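Before any comments, here is the structure.
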Amino acid sequence: MAKRPVLTPQSEDFPRWYQDVINKAELADNGPVRGTMVIRPYGYGLWERMQSEMDDRIKACGAENAYFPLFIPESYLTKEAEHVEGFSPELAVVTHAGGKDLEERVVVRPTSETVIGEFMAKWTQSYRDLPLLLNQWANVVRWELRPRTFLRTTEFLWQEGHTAHATREDANVYARRILHEAYADFMVNVLAMPLHLGIKPSYDRFAGAINTMACEAMMRDGKALQMGTSHELGQNFANAFDITYQSVEGVQETVWTTSWGTSTRMIGGLIMCHGDDKGLRVPPALAHIQAAVLLIRDEDGAGEVASKLHDELVEAGVRSRLDAQVDTPFGRRATDWELKGVPVRVEIGPRDVAENKVTIVRRDTGEKQPVGIDIAAATIRGLMEEIQITLHDEALAFRDANTAEASTVAEALEAAKTGFATVPWSVVADAEKELAADAVTVRCIQRADGTVPDDEDEDDLVAICARAY
RNA sequence: CGGGGAGUGGCGCAGCCCGGUAGCGCACCUGCUUUGGGAGCAGGGGGUCGCAGGUUCGAAUCCUGUCUCCCCGACCA
């Protein structure tokens with residue numbers, strides 16, 4: 001029974017496809033206040049896995065979790081000139097509370113450099129207190145004009161790390177460490193997303209930073225998405241908040257700080273990097289449901305077989321979900337699991353049981369294969385690794401196929417119509433406006449070998465140019 | 001802020017021009033039959049048409065005001 005497609009095909013209208021996936025895979029709804037979102041259980045499940053994997057890596061880098069207040073005195077924001085200038089337009093400010101106008105207005109944090117800076121100043125007395133490595137999981141608010149679910153919402157969830165170091169060198173090393181060991185490692189190995197790591201052009205740095213490094217990924221429409229950033233803040237915030245310490249020599253010194261963040265935007269990136277016309281495709285390493293055991297009809301002992309396989313999978317360390325809702329037709333359930341992007345679906349019905357097998361369906365390739373019941377759990381476990389690699393390699397091949405080398409601004413603009421352009425940084429360093437006229441930006445600057453440069457003045461740097469979300 | 005569009009059951013829409021107190025698809029509920037690719041049939045529940053006022057015997061429909069949302073631009077990540 002050929003019906004109309006479940007989702008608007010990507011090739012027809014990519015933004016609409018994106019919204020369709022979010023709705024049909026039950027990831028999120030729009031909130032009542034413009035630009036806010038309600039993250040539904042399936043979407044939140046993805047976020048929880050992201051949090052868990054990221055948290056492990058952040059802690060492995062030595063940072064500890066803490067929590068700072070949602071409300072910040074407005075005066076804090078104004079202490080760092082560039083910072084306040086960068087964030088003022090999108091601040092939500094509380095002017096009235098407790099039934100009266102507030103003496104001192106309070107902002108809802110758009111990011112926490114300022115409050116955390118204030119407390120770092122308190123906690124940093126001696127060189128022995130450094131480095132101070134903090135992270136917090138929180139919500140932040142930025143009043144966005146053009147909201148888009150997960151990609152740019154008025155309120156979003158994120159992790160923000162804030163650290164203070166004795167030297168610029170130490171801060172630099174740590175900001176890079178987070179970029180590589182926490183962010184890139186997670187995004188590449190868990191999200192299966194190939195990345196470009198690099199520095200932002202100086203004109204595009206975080207408000208108040210002396211260097212911004214970013215992870216950039218390609219979406220399936222050829223546009224770029226910034227998946228995370230790690231900033232060196234120099235001594236800008238340290239000076240503004242008087243974060244000082246006494247050195248071994250007994251001299252009062254000012255610290256060097258960093259900050260770094262990743263948000264629920266990564267969910268949007270995941271959708272647009274791996275999703276296809278059937279829905280989401282969740283990499284097994286991330287998936288909170290890795291296998292759906294779908295009982296087709298509970299006849300001839302199929303129910304027992306399904307239930308037993310589910311148990312075996314759980315025992316084998318596979319995050320399995322038993323779908324025994326046999327009053328819902330098979331086709332509906334198969335489609336729903338595909339929309340949700342569960343890596344492997346196992347179909348079990350009387351026909352399979354009669355042959356002592358089950359049918360395994362891969363979400364990445366759509367391939368169906370009959371497998372003996374006795375080896376099913378082991379096979380599925382093995383598929384987890386395989387699908388993880390396939391998704392990553394497919395995304396990498398897509399990115400390569402949609403990346404062109406350019407040697408002039410015009411060529412870069414042409415290439416950026418459909419994907420990424422790599423162009424010598426020297427060619428586009430002064431072409432910000434020219435690129436912007438076509439909605440193209442320098443996403444990041446790399447060395448020729450793809451590594452992250454120290455600054456944009458090195459020789460032979462390459463700029464990745466693209467349209468972006 | 002400039003230009004355009006729209007507010008009608010949960011969602012998507014028709015009805016408005018030519019006033020007569022709401023209709024369709026999906027979703028939902030019940031029953032039966034189904035179940036290996038978004039099930040079929042039958043029966044049912046749910047809205048008073050963004051809000052306020054006006055015209056009229058009578059307003060979703062006409063008039064006035066107002067609010068909100070969406071799209072394009074601008075602005076901004």
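Here is how names work: the chains are called A, B, and so on, in the same order as the sequence lines, proteins then strands, and each is numbered from 1. Predicted, not measured: the structure shown is a model, and the values here were computed from it.
Checked against the 6.0 Å centroid criterion, the rings of Phe87(A) and Phe206(A) qualify as a close aromatic pair. Between His288(A) and Tyr42(A), the distance from one ring center to the other falls under 6.0 angstrom.
Residue Asp336(A) is classed as a base contact, given a heavy-atom separation below 4.0 Å to a base. Residue contacts for Asn23(A): at a heavy-atom cut-off of 4.0 Å it reaches no nucleic acid atom on any strand shown. As judged by a 4.0 angstrom heavy-atom cut-off over every strand, Arg345(A) is placed among the base-contacting residues.
Look at rG25(B): its Watson-Crick or wobble partner, with both distances under 3.5 angstrom, is rC11(B). In this structure, rC41(B) forms a base pair with rG31(B), meeting either the Watson-Crick or the G-U wobble geometry with both donor-acceptor distances under 3.5 Å. Shown here, rG53(B) forms a base pair with rC63(B); the pair counts as Watson-Crick or G-U wobble because both key distances fall under 3.5 Å.
Annotation: cation-pi pair Arg142(A)/Trp158(A) present, NZ/CZ under 6.0 Å from the ring centroid and within 45° of its normal.
One donor-acceptor pair, N or O on each side, does fall under 3.5 Å between the base of rG37(B) and the side chain of Lys368(A).
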Each nucleotide of nucleotides 70-77 of chain B classed B (base within 4.0 Å of a protein heavy atom), S (only sugar-phosphate) or -, in 5' to 3' order, makes S--BBBSB
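A side-chain hydrogen bond (donor to acceptor under 3.5 Å, both in side chains) with Lys200(A) is found for exactly one of His231(A), Gln226(A), Glu456(A), namely Gln226(A).
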